[in-house]
Amino acid sequence: LPLGTDGFVILSRNKPGEYAIERYNNTLKKAWSAAIPLASEETLEAFVKNEDAALVVTHRTNEQGNQVLYAHRIDLRNGQKEKPVLLLEAPADVRKAGIAISPDGTKLLAYRFNVTGNQVVQGISGSLYDGKLQKLKDTKYNLSDLRGIVSAEVIVNDAGDQFISLISENMERLTVRQYTLKSTEAKGMSVLVGGMFDGKKVYIMDAKYTLQPNGNLYGVVPTADEKTGEYYSLKAVKFDFENEDMVFAEEF
């Protein structure tokens with residue numbers, strides 16, 4: 001991760017069960033190294049930095065059998081490592097807990113899925129933290145009004161606004177909801193991407209998103225012919241929440 005003209009920091013694997021954050025100056029000389037030991041089967045989920053620190057988030061199962069997300073914070077000035085912070089704990093029998101981090105590394109949202117007995121997503125809950133790993137607020141998103149959620153992706157911008165992107169209704173509908181720190185009301189936009197087109201039944205294969213600095217969210221969706229599984233088309237959409245508008249590119 002670049003540090004302007006002052007060099008960069010890297011995440012490296014020192015040995016089995018241990019990683020390290022290392023800072024190098026602009027002449028490629030190592031300034032410091034901070035070890036991050038991992039427990040058995042603990043995995044790395046994120047590596048980011050902000051103006052003050054480098055952050056590493058890990059996922060593992062604790063002694064009670066629950067999922068836990070921990071954040072490790074290392075001071076960029078001297079490599080001093082702070083005590084790991086428990087961001088979230090979730091039952092082991094639900095979907096894997098996740099972490100979403102803003103591009104500037106100042107907002108972290110640790111989240112878990114609330115599901116039914118057959119693992120259908122009914123909602124998402126979690127906690128939002130700042131770059132110093134201080135909790136800003138607990139979050140909860142009720143998604144029970146959407147039928148058959150197949151996948152859910154969480155995105156956070158630098159202001160701490162959260163975007164929940166969902167594929168539902170037999171992999172045919174794309175929905176994005178925005179939750180801000182300033183309001184309890186969610187803004188939502190939804191579009192039917194799959195369905196019958198030119199006599200073919202089409203479904204969403206996947207979805208990719210990118211968030212622009214101006215707050216606009218772009219989504220790209222490849223679709224496939226349900227009967228053959230072959231690629232059908234690519235559809236792109238801009239979600240403009242400020243103007244509550246969706247703009248579509250020409251289908252490719």
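For the single chain, residues carry numbers from 1 onward in sequence order.
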Roughly how far, to the nearest 0.5 Å, is [atom2] of [Y] from [atom1] of [X]?
| X | Y | atom1 | atom2 | value |
| --- | --- | --- | --- | --- |
| Leu133 | Lys83 | CG | NZ | 13.0 Å |
| Ser165 | Arg177 | OG | CZ | 11.5 Å |
| Leu143 | Asp145 | CG | CG | 7.0 Å |
| Glu82 | Arg73 | CD | CZ | 4.5 Å |
| Ile164 | Thr139 | CD1 | OG1 | 7.5 Å |
| Phe113 | Ser125 | CZ | OG | 10.0 Å |

Which heavy-atom pair separates [X] from [Y] by the least distance, and what is that distance?
| X | Y | answer |
| --- | --- | --- |
| Ser168 | Ile149 | CB-CA, 3.9 Å |
| Ala92 | Gly65 | CB-O, 2.9 Å |
| Leu128 | Gly160 | CD2-O, 3.8 Å |
| Val68 | Tyr70 | CG2-CE1, 3.9 Å |
| Ala110 | Leu69 | CB-CD1, 4.0 Å |
| Leu87 | Tyr129 | O-OH, 2.7 Å |

Side chains of [X] and [Y]: donor-acceptor distance under 3.5 Å anywhere?
| X | Y | result |
| --- | --- | --- |
| Gln162 | Tyr141 | yes |
| Arg173 | Ser190 | yes |
| Asn66 | Asn62 | no |
| Asn114 | Gln122 | no |

| said: Could you go through Ile21 and Ile36, starting from their C-alpha distance and side-chain angles, then the distance that decides it, and tell me whether this counts as side chain to side chain contact (heavy atoms under 4.5 Å, CB included)? | reply: CA-CA 8 Å; Ile21 302 291; Ile36 301 177; 3.7 Å; yes

Among the clusters formed by ILVMFWY side chains lying less than 4.5 Å apart, do [X] and [Y] turn up in the same one?
| X | Y | answer |
| --- | --- | --- |
| Met205 | Leu234 | no |
| Phe163 | Leu174 | yes |
| Val154 | Val48 | no |
| Val156 | Ile124 | yes |
| Tyr179 | Met189 | no |

Any side-chain heavy atom of [X] within less than 4.5 Å of one from [Y]?
| X | Y | result |
| --- | --- | --- |
| Val56 | Thr58 | yes |
| Val9 | Leu3 | yes |
| Ile155 | Leu217 | yes |
| Thr180 | Glu185 | no |
| Asp225 | Val202 | no |
| Pro84 | Lys81 | no |
| Pro91 | Arg112 | yes |
| Tyr232 | Glu226 | no |

| request: Determine, stepwise, if the pair Tyr218 / Tyr209 fulfils ring-ring contact (aromatic ring centres under 6.0 Å, His included). | output: CA-CA 6 Å; Tyr218 290 81; Tyr209 305 94; over 10 Å; no

Is there a donor-acceptor pair closer than 3.5 Å between any side-chain N or O of [X] and the backbone N or O of [Y]?
| X | Y | value |
| --- | --- | --- |
| Asn26 | Asp6 | no |
| Asp158 | Asp104 | yes |
| Asp130 | Gln134 | yes |
| Arg23 | Leu76 | yes |

| said: His59 and side-chain hydrogen bond (donor to acceptor under 3.5 Å, both in side chains): which single residue from Gln67, Glu45, Lys96 fits? | reply: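 Exactly one candidate clears the test, Gln67.
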
| task | Please assess Leu55 against Leu108 for the test side chain to side chain contact (heavy atoms under 4.5 Å, CB included), listing each intermediate value before the final yes or no. | result | CA-CA 10 Å; Leu55 304 169; Leu108 297 84; 4.0 Å; yes

| How are the rings of Tyr24 and Phe8 set relative to one another: parallel (under 30°), tilted (30 to 60°) or perpendicular (over 60°)? |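 Taking Phe8 first and then Tyr24, their aromatic rings lie parallel (interplane angle under 30°).
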
| Any idea how Phe239 and Phe241 line up, ring-wise: parallel (<30°), tilted (30 to 60°), or perpendicular (>60°)? |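 Judged by the thresholds at 30° and 60°, the geometry between Phe239 and Phe241 is parallel.
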
| message | Evaluate Val237 against Lys235 for side chain to side chain contact (heavy atoms under 4.5 Å, CB included), listing each step before the verdict. | response | CA-CA 7 Å; Val237 58; Lys235 300 182 180 183; over 6 Å; no

Identify whether the distance between the nearest side-chain nitrogen and carboxylate oxygen of [X] and [Y] falls below 4.0 Å.
| X | Y | answer |
| --- | --- | --- |
| Glu230 | Lys200 | no |
| Lys140 | Asp138 | no |
| Lys187 | Asp245 | no |
| Arg77 | Asp75 | yes |
| Glu22 | Lys30 | yes |
| Asp52 | Lys132 | yes |

| Residue that, paired with Lys107, satisfies side chain to side chain contact (heavy atoms under 4.5 Å, CB included) out of Leu136, Ile101, Asn50 |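 For Lys107, the side chain to side chain contact (heavy atoms under 4.5 Å, CB included) check succeeds only for Leu136.
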
| Checking side chain to side chain contact (heavy atoms under 4.5 Å, CB included) against Glu172, which of Thr223, Leu192, Val150 comes through? |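 With Glu172 as partner, Thr223, Leu192, Val150 yield a single side chain to side chain contact (heavy atoms under 4.5 Å, CB included), made by Leu192.
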
Crowded around [X] [atom1]? As in, over 12 foreign heavy atoms under 6.0 Å?
| X | atom1 | result |
| --- | --- | --- |
| Phe252 | CZ | no |
| Glu89 | CD | yes |
| Glu18 | CD | yes |

| field | CA sep, side-chain torsions, deciding dist, call: Leu44, Tyr19, side chain to side chain contact (heavy atoms under 4.5 Å, CB included) | value | CA-CA 9 Å; Leu44 292 169; Tyr19 282 75; 3.4 Å; yes

